[in-house]
Structures are given as C-alpha cells and as structure tokens.
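Chain A is the first sequence line, chain B the second, and so forth, proteins listed ahead of strands; every chain is numbered from 1.
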Number of protein chains: 2
Amino acid sequence: MPLVSKNPFTDILRKAGYKATPSRLAVLSFMQKSKKPLSAQGIIERMDKNCDPVTVYRIIKNLALSGIIKQIDLRHNHAHYELVDQNDHHHLICTECGRMEDIAGCEIEEMHKTILRKTASFSEIQQHSLEFYGLCKGCALGSKPKEVLS
Amino acid sequence: MPLVSKNPFTDILRKAGYKATPSRLAVLSFMQKSKKPLSAQGIIERMDKNCDPVTVYRIIKNLALSGIIKQIDLRHNHAHYELVDQNDHHHLICTECGRMEDIAGCEIEEMHKTILRKTASFSEIQQHSLEFYGLCKGCALGSKPKEVLS
DNA sequence: ATAATACTTGCAGGTAAATTGCATTTGGAG
DNA sequence: CTCCAAATGCAATTTACCTGCAAGTATTAT
C-alpha cells in the first residue's frame, strides 16, 4: 500500500493522449503550485532538472491545445498560462506595473448558451477569457513599483 | 464652404496630444473601414503610402496607450487592434481556423463597479477584454477552411 | 506668411519570444 | 524485454516588436 498516491497528472496526460514524461509532470506541478499565471520563461527558469527551453515551449503548446492549461493575455510581451480548474476566475491587471489579482465567481459561462443561440456560424464554445485592465492604487498615486510578474 | 467636412480623427488625435499626421490618419481610417480587428502586419500591408513598419508599430502603440484603439487577443501569435467605439462588443473566435464574429451587447461594464468594491489594491478599471473561443460549424464538421484573419 | 521647435518619421540594427528540422532518446503497449 | 511512435535536445531560424539617432514636418507663436 503506497504512502504517496501516484501523481494525478499522469492520468490527465494519458487521457489527453500524451505520455506522462518527467518534464510534463514537472511543468504541471509548477503550474499547480503557482498562485500566479506563469510565462514560458517563468517555467523554464524554475525547471530544476536540465530541460531544454524548446521542450517547455512544446509542452505548453500541447497542454494549451488539449485544454489542460489556459493561455492568458496580461498585456505583457509574452503569453501567460494557468491550469484550468473548476472555479472559473478572471484577472485584474495594472497597466502600469503589471500587478495582478484574481477575480472570483463570474457567471460568464451562462452567456455561452445565449451566444450559441444567436450565432449562425459557430457550434461550440470551449473557453473564454475575460481580463480587466486598470490602475492599482500604487500606480494611481504616481509611485512606480517594480513589475510584479515576469 | 467645404463639401467634405474635415477628418474627424484630426480632432481626436489633437485632443489626445498627438499631431494629426498623414500616417496616423491613414491608420485610423483603415481601422474604421475594417470590419475585423487588424494586426500590425495587416495595417502595414494595407498602407498605400510608403510608411515604415516601425512607424506603424509606434502609431499603434500610442493610440492604444491613449485609449483610441483597443488591443485584442485572438490567440494568434500577434496582437490585434480595433477602434474603441461606444457599443461595447466582444469576439467569438474559432480555435481551429481563426474565423471570428462579433458579440454584441454585453453588460460587463456593470461588473467594473462590483470588482472595484471587492478589491483592496486597485483603484480604477479602464478597459476589459472578453473573448470566447470555440469551434465554427465548418471546423466542427471536420472541414479545414483557410485562416480568415491575418 | 514665416520661423521656431517639439513631435514624428525612416533607417539600421537589435532583442526576445517562439518555432522548425533533424538526430537521439524514452515511455509504455504488447 | 522489445519495439516504435512519441518526446526531447540542439542548432538554426522566424516572427513580432523595439531602440537610437538623424532628418523631416505639423503646429504654435510671431
């Protein structure tokens, strides 16, 4: 009887048709631990095992294609990614310093049905992204804090 | 007495603190005519007058900063832009072929107040982006139409 | 109208993000 | 254990976009 249960990401990966390689499991593990959306660079830097950046890029791309992770546009100069979880949440991003916080509990999913009823040319909505851009209190007051996100 | 009134974009630019140069007026004119969000590349290609790509990038960046145009993330590999108009609308994008259509009439703006009431660290929301990603009927049926957006 | 000047633009060169091709390695089905 | 499709590493490349600087131009005041 194992003291530690097998990595649940193994099953998730296999179900999506991918092999459960150490690199993929490491990427998913990082994303789970991270409280913030991660950039490709952010993941690459945190990979303790020697893993080629190209591999990370490929992993991210595949995970996003299969809907295991989600791409997020924080208006930095590169994409960010987040594990897709049950509780749908969105982001509030400062356009000055990049500070970010989560917005919980939206009911956007309910709009999917309405939209599909109105459109003539789409048959399915898989995902949505909703981000709000504004000024955090620090930046509104004119101070210039450092970027808080890579 | 002029038969054609002066370009209204001239005033918009000056109010934002920019000179009303031919390049800027041309960019704004394209964006107004275009039914779809345009990429920097898309604008550069359509500029009939010889205008350096760098200039277009700079124009776009400034217009977006001052809120005259709006950046949109269609999950292509580059940003798209759209004139900011009164009637707030969003987008429905096919993740297979890139087909896109507008979604009219959302009441997301009303959420701004709610969000600001809940957050401790933000003082202003200037903009939001809401896009829906799914499959258009063509792609859902397995046909592979060409990309419809640059 | 004209001149002054601050904003704009074009050009050259550069950077960072992400991709591609190909040879080698490896997970996992049998 | 064996085998092969899938995954990885490496080198090179593409793409999107930016910076510095000299030359040009829209606007303001004369």
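- Protein atom CG of B:Asn62 is 12 Å distant from nucleotide atom C1' of C:dT9, rounded to whole Å.
- A residue-by-residue look at B:Val54 and B:Lys19 shows that B:Lys19 has its nearest nucleotide of DNA chain C further toward the 5' end.
- Toward the 5′ end of DNA chain C lies the nearest nucleotide of B:Val56, the other residue of the pair B:Val56 and B:Asn77 mapping further downstream.
- Rounded to an integer number of Å, the gap from A:Asp52 CG to C:dT25 P is 15 Å.
- Classification of the A:Phe132-B:His128 ring pair by plane angle, with boundaries at 30° and 60°, yields tilted.
- A:Arg58 comes within contact range of at least one nucleobase, with a heavy-atom separation under 4.0 Å.
- Criterion: ILVMFWY side-chain heavy atoms under 4.5 Å apart, direct or through other members. Under it, B:Met100 and B:Leu135 are not part of a common hydrophobic cluster.
- Note: A:His78 and A:His80 have tilted aromatic rings, judged against thresholds of 30 and 60 degrees for the angle between ring planes.
- Counting only heavy atoms from C-beta on, A:His78 has its side chain closest to C:dA17 among C:dC11, C:dA17, D:dT8.
- At C:dT9, one or more side-chain N or O atoms of B:Thr21 fall inside 4.0 Å of OP1 or OP2 (strictly under the cut-off).
- In this structure, the CD atom of A:Gln71 is 12 Å from the C1' atom of C:dA18, given to the nearest Å.
- By the 6.0 Å and 45° rule, B:Arg24 does not stack over the aromatic ring of B:Phe9.
- One interatomic measurement links the two molecules: CD1 of B:Ile44 to P of D:dC17, which rounds to 8 Å at whole-angstrom precision.
- Between the CD1 atom of A:Ile60 and the C1' atom of C:dA18 there is a distance of 10 Å, given to the nearest Å.
- As a whole-Å value, the separation of B:Arg14 CZ from D:dT25 C1' is 13 Å.
- Remark: the A:Glu82 side chain and the A:His91 side chain contain an N/O donor-acceptor pair separated by less than 3.5 Å.
- Each of B:Tyr18 and A:Tyr18 was matched to the nucleotide of DNA chain D holding its nearest heavy atom; the match closer to the 5' end belongs to A:Tyr18.
- Distances shown here put a side-chain N or O of B:Thr55 below 4.0 Å from the OP1 or OP2 atom of C:dG10.
- In this structure, the nucleotide among D:dT8, D:dC17, C:dC7 sitting nearest to the side chain of B:Tyr57 is D:dC17.
- For A:Lys61, the listed nucleotide lying nearest its side chain is C:dT19; candidates were D:dC10, D:dA26, C:dT19.
- One can place CG of A:Asn7 at 16 Å from C1' of C:dG28, the figure rounded to the nearest angstrom.
- Listed candidates were C:dG27, C:dG10, D:dC17. Nearest to the side chain of B:Ala79 is D:dC17.
- Proximity of A:Ser23 to the phosphate of D:dA7: no side-chain N or O atom is located under 4.0 Å from OP1 or OP2.
- One interatomic measurement links the two molecules: CG of B:Leu13 to P of C:dA6, which rounds to 21 Å at whole-angstrom precision.
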